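Comments concern the structure below.
Fair warning: this is a prediction, and the values are worked out from it, not measured in the lab.
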Amino acid sequence: MKLGPVEAFNASTINAAHAIGPGHAAGSLEVGKACDLHLLDADDFRHIPFNAGRDLVDPVIRNGRIMGGKRLEAHRLR
């Protein structure tokens, strides 16, 4: 699609939220907006395309609770 990293990030967050409706309540980190997070184990968001196929998600946070991720799984195995 010839998008740069910043354009792709915006397309998959705030622009996607507006496209399906709830842009006023989700899609960006702002006080009062709903937020589920998939934190990525990458030094910089521009490194994400270079790690295609690798599992970078660590951890997943849904409704304020850590739901999964490599660190959580390693902790459970101890």
Side-chain angles (χ1 to χ4, degrees):
M1 304 290 301
K2 298 183 181 180
L3 296 176
V6 173
E7 295 165 319
F9 186 75
N10 284 334
S12 64
T13 56
I14 189 69
N15 293 346
H18 281 288
I20 62 172
H24 66 283
S28 62
L29 297 176
E30 296 179 54
V31 173
K33 285 193 171 185
C35 182
D36 291 340
L37 297 173
H38 293 188
L39 301 182
L40 302 179
D41 187 13
D43 293 332
D44 189 290
F45 74 95
R46 290 172 288 227
H47 296 171
I48 296 168
F50 300 106
N51 290 287
R54 289 187 53 217
D55 181 12
L56 298 179
V57 177
D58 189 30
V60 174
I61 301 172
R62 177 169 250 169
N63 295 322
R65 294 186 168 182
I66 298 175
M67 303 302 290
K70 293 178 277 191
R71 293 178 194 161
L72 180 62
E73 296 304 318
H75 180 70
R76 287 182 182 164
L77 293 176
R78 288 186 215 178

Side-chain polar contacts of residues 12-20 - donor-acceptor pairs under 3.5 angstrom, sequence neighbours left out - could you list them?
from: Ser12; atom 1: OG; to: Ala8; atom 2: O; distance (Å): 3.2
from: Ser12; atom 1: OG; to: Phe9; atom 2: O; distance (Å): 3.1
from: Thr13; atom 1: OG1; to: Phe9; atom 2: O; distance (Å): 2.8

If you look only at distance, which donor and acceptor atoms sit under 3.5 Å apart when one is on a side chain in residues 28-35 and the other is two or more places apart or in another chain?
from: Ser28; atom 1: OG; to: Glu30; atom 2: OE2; distance (Å): 2.6
from: Ser28; atom 1: OG; to: Lys33; atom 2: NZ; distance (Å): 2.8
from: Glu30; atom 1: OE2; to: Lys33; atom 2: NZ; distance (Å): 3.1
from: Lys33; atom 1: NZ; to: Gly23; atom 2: O; distance (Å): 3.1

Let me have the donor-acceptor pairs involving side chains of residues 44-51, under 3.5 Å, with sequence neighbours excluded, atom names and distances please.
from: Asp44; atom 1: OD1; to: Arg46; atom 2: N; distance (Å): 2.8
from: Asp44; atom 1: OD1; to: Arg46; atom 2: NE; distance (Å): 3.0
from: Asp44; atom 1: OD2; to: Arg46; atom 2: NH2; distance (Å): 2.8
from: Asn51; atom 1: OD1; to: Arg54; atom 2: NH1; distance (Å): 2.5
from: Asn51; atom 1: ND2; to: His47; atom 2: O; distance (Å): 2.9

Problem set entry | For Asp36, side-chain hydrogen bond (donor to acceptor under 3.5 Å, both in side chains) partners two or more places apart |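 Expected list: Arg62.
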Exercise. Which pairs, with at least one residue in residues 1-14 and sequence neighbours excluded, count as a salt bridge (Lys or Arg N to Asp or Glu O under 4.0 Å)?
Worked result: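 Listed by first then second residue: nothing to list.
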Exercise. Does Val57 have any side chain to side chain contact (heavy atoms under 4.5 Å, CB included) partners at least two apart in sequence or in another chain, and if so, which?
Worked result: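 Residues passing side chain to side chain contact (heavy atoms under 4.5 Å, CB included) with Val57: His38, Leu40, Asp55, Val60.
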